[in-house]
Amino acid sequence: MSYNPSEIENKWQKIWEDEGAFEPLDDYSKKKKYILSMFPFPSGRLHMGHVRNYSIGDAMARYYRKQDYNVLHPIGWDAFGMPAENAAIKHNRDPKEWTYSNIDYMRKELNSLGLSFSKTREFATCDPLYTKWEQEFIIKMFKEKLLFRESTIVNWCEDCHTVLANEQVEEGCCWRCDNEVEQKEMDGYYLNIIKYSDELLDDLKLLEDKWPSQVLTMQKNWIGKSQGLEFGFKLTNESKEKLENKFDGFEVFTTRPDTIYGVTYTALAPEHPIVKSLIKNSLLDEDVAQKITEISNMSEIERAKADKEGYYLGIDVTHPLTGESIPVWVANFVLASYGGGAVMSVPAHDERDFEFATKYNLPIKRVIEGGDENIAYTNEGNLINSSKLNGISNIKAKIEVIKLMEEKKLGKGTTNFKLRNWGISRQRYWGAPIPFVHCDDCGLVAEKTENLPITLPDDVEITGEGNPLDNHPTWKHCSCPNCGKDAIRETDTLDTFVQSSWYQFRYATNPKKWESCGIDKEDVNYWLGVDQYIGGIEHAILHLLYARFFTKVLRDLDYINIDEPFEKLLTQGMVLKDGKKMSKSIGNTVDPDKLIAKYGADTARLFTLFAAPPTKELEWNDSAVEGSFRFIKKLYDRKNKVTSNTLPIIEHKSLDKNAKEARAKVYDALKKSEVVYQNSFAFNTLIASCMEALNALDKQDNGDVWSEGIYIILHLLEPIIPHITTELSQELFGRANLKNSIKVLDEVFVKDSIVLAVSINGKRRGEIEVDAGASKDEILEMAKASVPKWLEDKKIVKEIVVPNKLVNLVVK
RNA sequence: GCGGAUGUGGUGAAAUUGGUAUACACGCCAGACUUAGGAUCUGGUGCUUCACAGCGUGGAGGUUCGAGUCCUCUCAUCCGCACCA
């Protein structure tokens with residue numbers, strides 16, 4: 001009978017389902033593994049990236065199950081988000097109906113891959129039961145002042161008609177639709193991630209060697225810690241009057257306190273309150289005011305590309321140490337969101353300041369020795385023109401200036417972060433409602449816990465114009481949870497990244513408790529951290545930073561006891577075709593359904609893991625898929641060679657050379673499997689080893705050796721190609737070889753004779769076969785005899801014998 | 001600009017501590033079986049050369065008996081951040 005993948009695969013998928021084969025046990029005395037692949041967004045169909053992601057995770061889960069671990073390997077749906085609303089706008093579909101029907105379809109697709117997910121722990125983040133607990137966390141965070149509402153300048157995507165967090169802006173464009181992001185001032189809800197900056201940074205050390213260094217570096221840079229001095233510039237009396245005494249001065253932050261004597265001007269961001277006040281009170285020339293407003297309206301990316309531009313504001317401050325009068329400028333390169341939106345400018349030692357000063361003829365005062373006068377000198381050196389600090393190194397001066405400023409109570413040493421607070425409100429319908437109410441008397445009030453979840457209305461019109469919840473005739477009208485008066489419900493919904501920040505804890509919580517709590521501490525203590533997390537590099541900052549932050553917050557709110565959610569992280573490479581990322585618009589996609597229909601799930605999984613190591617990009621190749629299919633067919637065919645239905649006991653010495661060689665290959669693969677499944681994840685090399693073993697088995701005809709070989713190969717490949725291996729294992733060995741680990745027999749590696757390479761001056765010139773017990777002298781003698789041609793008229797000056805490897809003769 | 005990676009046959013890729021470079025697979029070539037083959041099987045396949053031999057892991061040096069692997073410099077490609085004061 002020939003290999004029929006669909007028959008075998010359907011059969012086993014049904015059996016696994018009936019057996020409940022992949023449910024984790026409640027027995028918390030067992031050793032555990034929590035293997036998690038990032039959950040999918042229910043877009044409608046699986047793509048090859050999913051297949052790769054879940055094949056990797058499934059291989060690990062199945063491996064550990066066989067090693068007698070209690071394994072949690074769950075799946076669910078990251079189900080809120082824009083595409084559901086876009087489907088509503090474009091195809092007049094109800095977002096809820098669209099989402100859940102996509103989930104139903106994709107669940108079937110996942111099932112057809114034979115993935116060993118728990119069926120009882122599946123949920124969608126749009127399930128009201130999930131929303132309920134998320135809203136509870138949000139309210140708790142509000143009460144602990146970790147969540148607040150404020151009006152700031154935000155990133156606005158006009159296409160998506162919503163605010164975006166900083167992390168969701170890529171090169172000035174929306175991460176979802178690639179539309180250019182605008183700056184806009186509006187109210188929003190924020191989570192105080194800045195409070196956790198130091199911990200988020202420091203704990204990256206706990207993840208060293210467990211997460212890819214690239215991801216750690218990206219997070220480190222994103223958090224962007226820098227140390228320096230914060231101090232104030234006081235406005236001159238004249239300037240103060242001009243500003244109607246509304247301002248005393250402004251604060252600046254610098255990482256170069258050593259250059260403080262070199263300040264020749266200061267610069268404010270266009271959004272700075274002083275600038276706004278000047279414009280508002282018409283204290284600037286009309287065209288200057290006009291220009292500043294223009295800069296304000298520019299997107300960040302436009303500003304970054306623009307030439308340096310700025311204007312003198314007609315006001316001055318006093319240098320805190322020299323008492324000199326310093327002009328105040330507005331400049332397009334000063335960021336409103338960092339360091340208070342104001343900088344001290346030292347053109348002699350900062351490239352940006354130098355460029356600006358040169359353009360506007362501002363004075364340049366050198367305070368560090370060295371370098372070329374025609375460019376900014378940013379290296380180390382000794383101080384000059386710096387009063388009492390002259391002569392000391394600038395490195396020392398950094399500390400001295402901070403000390404001096406602190407003594408004089410003019411400023412303080414401080415730390416600054418690039419990380420901004422996480423803006424979590426979205427002006428969209430298909431998300432979790434933010435559970436707050438606006439009351440004229442009580443202000444912003446959290447909803448009562450017993451009223452949760454606050455769910456979305458079903459009868460909603462989604463047109464793409466404005467916020468559907470806000471446009472809904474009745475939904476937002478409610479009574480104040482505090483005083484009972486008429487009030488307005490918040491119509492913003494939560495960023496979908498909030499849902500994916502705690503789903504790993506929800507999976508770990510026993511489903512029996514899902515009604516009564518959001519996260520069960522005992523369950524989480526047993527299952528977390530996630531032993532292996534697998535997903536795309538695109539979440540290096542976004543999801544992975546938010547989830548780390550959320551974990552620390554939930555810990556501080558006493559929901560859990562852990563510090564980091566994901567112990568180990570594997571970032572899989574992209575799936576490419578013709579050198580490009582598979583995408584619908586390019587039209588180079590491969591449909592997993594068709595692939596499975598043609599070759600079966602096992603071939604799809606085998607190819608995916610064989611063609612490249614998981615962290616690298618995977619180039620799709622149709623004929624290489626055929627190759628994987630061929631291997632499985634060959635494996636299936638060789639079942640006829642098996643003569644024993646248990647693992648035979650073999651007397652190794654009695655075997656012929658090819659049989660010995662075959663056993664060595666089989667056990668090589670077994671030995672390799674431990675490293676691959678537990679550490680390197682180089683499944684491609686394990687598969688290659690199994691192919692070598694099968695090739696070697698083909699060169700001999702001992703039934704016991706065949707039986708042992710197939711017994712072990714099926715065991716090794718079950719995590720990768722579960723259907724065919726289980727089918728054969730059932731038929732040949734009653735699945736005994738899939739239950740436990742198999743011991744490596746060292747005797748099969750012992751050889752009677754060894755082939756050594758003979759090299760002259762490091763170049764391979766021949767080889768010899770020596771007795772396993774041969775002495776060094778015997779080996780050398782044979783080696784010399786084997787390469788007479790290369791020793792003629794030469795003198796051997798050195799002889800090196802590397803056991804089991806080679807002989808090197810150095811001649812002159 | 002800053003940070004992180006990656007460069008090995010025609011292709012995807014292997015290669016403990018430095019120890020026979022190119023395992024495994026795809027492709028290609030030849031053959032067998034076949035009415036036929038996009039099926040299956042066997043053999044071959046880094047480059048130059050009739051051969052001897054020489055050259056080969058982006059490039060140039062270095063350390064070493066010996067370097068894909070270690071060190072220095074350099075080039076190319078990819079990714080991330082991007083005026084963070």
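In what follows, every chain begins at residue 1, and chains take the letters A, B, ... in the order their sequences are listed.
Judged by closest nucleotide on RNA chain B, E167(A) is the one of E167(A) and D350(A) placed further toward the 5' end.
Within the nucleic acid shown, K672(A) has no heavy atom closer than 4.0 Å to any nucleic acid atom. Residue N621(A) is classed as a sugar-phosphate contact, given heavy-atom separations below 4.0 Å to backbone atoms only. Among the protein residues, V346(A) comes within range of no part of the nucleic acid, since none of its heavy atoms lies under 4.0 Å from any strand.
Under the 6.0 Å cut-off for aromatic ring centres, W329(A) and Y311(A) do not qualify, their centroids lying 6.0 Å or more apart.
One interatomic measurement links the two molecules: NZ of K598(A) to P of rA39(B), which rounds to 11 Å at whole-angstrom precision.
Between S345(A) and rA85(B) there is no side-chain N or O to OP1 or OP2 distance below 4.0 Å. The side chain of R420(A) places no N or O atom within less than 4.0 Å of a non-bridging phosphate oxygen (OP1 or OP2) of rC84(B). Between R630(A) and rC24(B) there is no side-chain N or O to OP1 or OP2 distance below 4.0 Å.
With a 6.0 Å cutoff to the six-membered ring centre and a 45° limit on the axis angle, K225(A) does not count as a cation-pi contact of F417(A).
Note on ring orientation: taking the six-membered ring where Trp is involved, the planes of Y377(A) and H349(A) are perpendicular (angle over 60°, cut-offs 30° and 60°).
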When the side chains of residues 603-611 of chain A are checked against the rest of the protein, which donor-acceptor pairs come out under 3.5 Å, sequence neighbours left out?
| unit_1 | atom_1 | unit_2 | atom_2 | d |
| --- | --- | --- | --- | --- |
| T603(A) | OG1 | Y599(A) | O | 3.4 |
| R605(A) | NE | I720(A) | O | 2.9 |
| R605(A) | NH1 | D58(A) | OD2 | 3.1 |
| R605(A) | NH1 | L113(A) | O | 2.9 |
| R605(A) | NH1 | G114(A) | O | 3.2 |
| R605(A) | NH2 | D58(A) | OD2 | 2.7 |
| R605(A) | NH2 | P719(A) | O | 3.1 |
| T608(A) | OG1 | A604(A) | O | 2.5 |

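Spacing of P atoms, rC50(B) relative to rC71(B), comes out at 42 Å, to the nearest Å.
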